[in-house]
Amino acid sequence: MTEPLIRLQGIQKYYGDYHALRGVDLDIRAGEFFSLLGPSGCGKTTLLRVIAGFEGVTEGTVMIGGTDMTRLSPNRRPTNMVFQSYAIFPHLTVAQNVGFGLRKRSDLNRQAKDTLVDDALDMVGLDGYGKRAAHALSGGQRQRVALARALVLRPKVLLLDEPLSALDRKMREQMQVELIRLQRQVGITFILVTHDQEEALVMSDRIAVMFEGEIAQLAEAEALYRRPVSRRVAEFIGVMNFLPATVDGDVVDAAGLGKMVVQDLQSTATTAGDPMVGFRPETATLLFPGQQTEGRVAEGRVVEVVYYGDMTYYDVTLDGAEKPVRISMRNVFGRPVLDIGTQARLAWSPGAITLFR
Amino acid sequence: MLRVYVIAFLAFLYAPIVLLPLFAFNDSTVIAFPLSGVTTKWFAELWTNKELHKALGNSLFVAGISSVLAVVLGLAAARANVRYRFPGKAAALGLIMLPLVLPEIIVATSLLVVAVRFFGWNLSLWTVIAAHVLICTPFAIAILNASFQSLDPSMEEASIDLGETRLSTFRLVTLPLVMPGIVAALLISFTISLDEFIIAFFLTGSDPTLPVYIWSLLRFPRLIPVVMALGTILVIISILMLTFAEWNRRRGLARAGVKDTGGFL
Amino acid sequence: MDQETKRGLTLIAPPLLYALALLAGPLLAIFLFSFWTQDYLTIDRTPTLANYAEALTDPIYRTIMLRSLWISGAVTIATVVLAFPVAYYVSFRVAPSRKSLWLFLITIPFWTSYLLRIFLWKVILGYNGVINSLLEPINPWIVALGQRLGLEWDGLAAPLYSPEAVIITLSHAFAPFAILPIFVALEKIDRNLLEAARDLGENAVTTFFRVTLPLAMPGVVAALLIVFIPTVGDYVTPALVGGPNGLMIANMIQTQFLGLNNAPMGATLAVVAMVLVTIIALATVALARRLSGGR
């Protein structure tokens, strides 16, 4: 493997007594779309600002492109940032905003700078907006200006601090796709900070999940979803059903599901509490009257039905379990929606189960 | 009902002001009704009164220097207040803002005692300036606090991120964005200094400021219509300055993209 | 020391040093002075409480100190009571787009020379003044009416050179200082709260007393303090319209410093005035806290 573009080693950060980053080691590769994901207060934004140079570190080193930049100020780092508030200068025009960072480039004449600005605006779909006043833009347009302003400098790394959180849902989904396209087009490393697990899963090549100033798991999106390393990660990413279990050697006995062998399970993870098994709502199927299956079957009763149009969510209390599990079913043509109180059979497979112990 | 009361109250507020032009153009040295004809001679007298011109010059000098110094100190204090945390911050700002709630006579006498008895300084316009900076700074801070608070910190970070230094960021981003606040703070400080009487009365030497000069005129009934004429001109200037301040404030709001909530000051 | 602390201290240093040198230092000097005594042209620097004893017992000083406090108290209450409906009107009855125009209208008179404004009240209230010249044609009627009722009426006259004149003039001078904080407090009230009160069965009057007024209290307290503190130390108004019976503590302090050349006594009076004002201000805040349910 080639040298990573960014290498963080033993990053510790204190604010007074508050321990914000507790020993972060992280390699980020050139050209990847990387996400820092976690609940608010987990240190993900602090870590991003450490990479940008806005926060000093108490301990540890920040290497970018093989050079130690731990003590370098943000204006001398090959990183550029898209701020959560976009920080579009309201006293300048759109073009002046985008060209802001080019002021000190003495190697470019005015014309060359104008061309770069036009190209950057073109790239984010704002061609012709250059002369507009920045304070008259909509939220989505501000974000595009912020992107153009950062990308026009061709940084090695583009840092994005919750860039989509201020947009409405439709706009957010549209911008997700555009960001992916843009990243492929320019080939620059993107580091995205987000608290939205769906956003991270959709956009990233790799995701680091952070809790309390530490990286809990670093993995590709699919691995993160399928094989969480701890109960905390599993709960943070998507929905997971948990059933209490006992483990005796290789044999796991889960309430409602019965016995299974550890070797057949999808993965094993850690938990702070009693042993559990977990599975995602879409990995089990409710069988309708007369339907047959090859896999294993558990019995239970439907206690809640939530109809979403394309999907129906069922809460099913399995015989022998106390709490219901949630099952999601696509409403394909011809499939009835079950009523509350129906006795139902659940088809499941050990291959979709994670053991937490 | 309420509306009638409010209009009556406004009449009360404007009662003295309305009299100014009335007696400024009244052809009599006696300030009483009925009026006795129109004249502009009091204004003409303003034009030839050398002492008045001197006092006005002194006041403009004092107000000009005081307001600039107060705004410079206010910028430092407001920025420290909004952006940074440091030990003793509340106590330091408390002391700096104290003149807001201190009767001016206290400021005047305490400075007089120190300047004359302890240091043996000669009283001059500079002692007045020193005191006016002290009382104007809290007003400047109050206005600039609001400006710095509405300035998104990531604006400055974005500029540094895009390659500017801290110094060039201040010039290119911070200063333009807080400029409406600076202008407002200058206007307020200038007006306060220009109008301040008791401190100037205590601390000025042989050079009177305009209020101190007006005070001396009030003892001579013959000169009172002249004071009225002067007052009329001052009112017009004040209204023009206020209008400019309001325009400046609205421009600042528009620039920051904030909706007008209608708060003057 | 981290960088943030360093930058903050560097920035606060110039204004802080300035305030220390020209405010804290002089106030301390005044405090020191109050324990010294004037001995003809020299100052006796032996610490003594003689000035304080004199300031608190001499009827001249006591009268003028108490008068300052009650005049200021009357001004404060009059100003705040008169200002509240105006603030209420602008906040609740005026369309949002026209509020700044109204505030503009209210503040304009106060950006004209303070000295001239006070002097104009002298003109209004004076012997030959506006009010008296308006009353002149009416007064014979009043005297006649008094005679018919068997009472000795002198007719009406404007109260120049009296405490009442000081109260009227100061109430005028400090009106916007009372209107603005109350207006700000009223503006902050969520209008849904008032609708909720109506929805829960209160009428307009009880809604005002149970919801609006308690929520406006911080603004009212601010207005009380903003008016009271500087009026106690006002010099110009009592000097111009107060007459001998309307003089206040600032006039006495000024006399001690510039007239009688007894700076230590002036310093003592200043310290006593500051202490009294501070006590009353703190008591007002404490009382307001109690009344609003100890929040």
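Below, chain A is the first sequence line, B the second, and so on; all start at residue 1.
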- Message: Once ring pair (Phe, Tyr, Trp, His ring centres under 6.0 Å) is applied, what residue pairs with a partner in residues 26-50 of chain A remain, sequence neighbours excluded?
- Response: A:Phe33-A:Phe190
- Task: Hey, could you give me each pair passing ring pair (Phe, Tyr, Trp, His ring centres under 6.0 Å) that has a residue in residues 100-133 of chain A? Not counting sequence neighbours.
- Result: A:Phe89-A:Phe100
- Task: Could you tell me which of A:Met81, A:Arg77, A:Arg103 has the largest number of non-hydrogen atom pairs under 4.5 Å with chain B?
- Result: A:Arg103
- Which atoms of B:Ser168 come close to chain A, meaning under 4.5 Å heavy atom to heavy atom: side chain ones, backbone ones, both, or neither? side chain
- Item | chain A contact via B:Asp152 - which portion, at a heavy-atom distance below 4.5 Å | side chain
- Query: Side chains of B:Leu46 and B:Ile233: closer than 4.5 Å at any heavy-atom pair?
  - Reply: yes
- Query: Roughly how far, to the nearest 0.5 Å, is CE of A:Met175 from CZ of A:Arg172?
  - Reply: 12.5 Å
- Task: Return yes when atom CG of A:Asp17 has more than 12 non-hydrogen atoms of other residues, nucleotides or ligands closer than 6.0 Å, and no otherwise.
- Result: no
- Message: Looking at A:Lys104, I'd like to know if its NZ atom is crowded, meaning that more than 12 non-hydrogen atoms belonging to other residues, nucleotides or ligands lie closer than 6.0 Å.
- Response: yes
For residues 65-73 of chain B, tabulate all N or O donor-acceptor pairs below 3.5 Å that involve a side-chain atom, not counting sequence neighbours.
from	atom 1	to	atom 2	distance (Å)
B:Ser66	OG	B:Val62	O	2.6
B:Ser67	OG	B:Ala63	O	2.7
B:Ser67	OG	B:Gly64	O	3.0

- Query: A:Leu92 versus chain B, heavy atoms under 4.5 Å apart: side chain, backbone, both or neither?
  - Reply: neither
- Message: Can you tell me how the ring of A:Phe54 sits relative to the ring of A:Phe83, calling it parallel under 30°, perpendicular over 60° and tilted otherwise?
- Response: tilted
- Message: Sort by residue number and list every residue of residues 69-76 of chain A having at least one heavy atom under 4.5 Å from chain B.
- Response: A:Pro74, A:Asn75
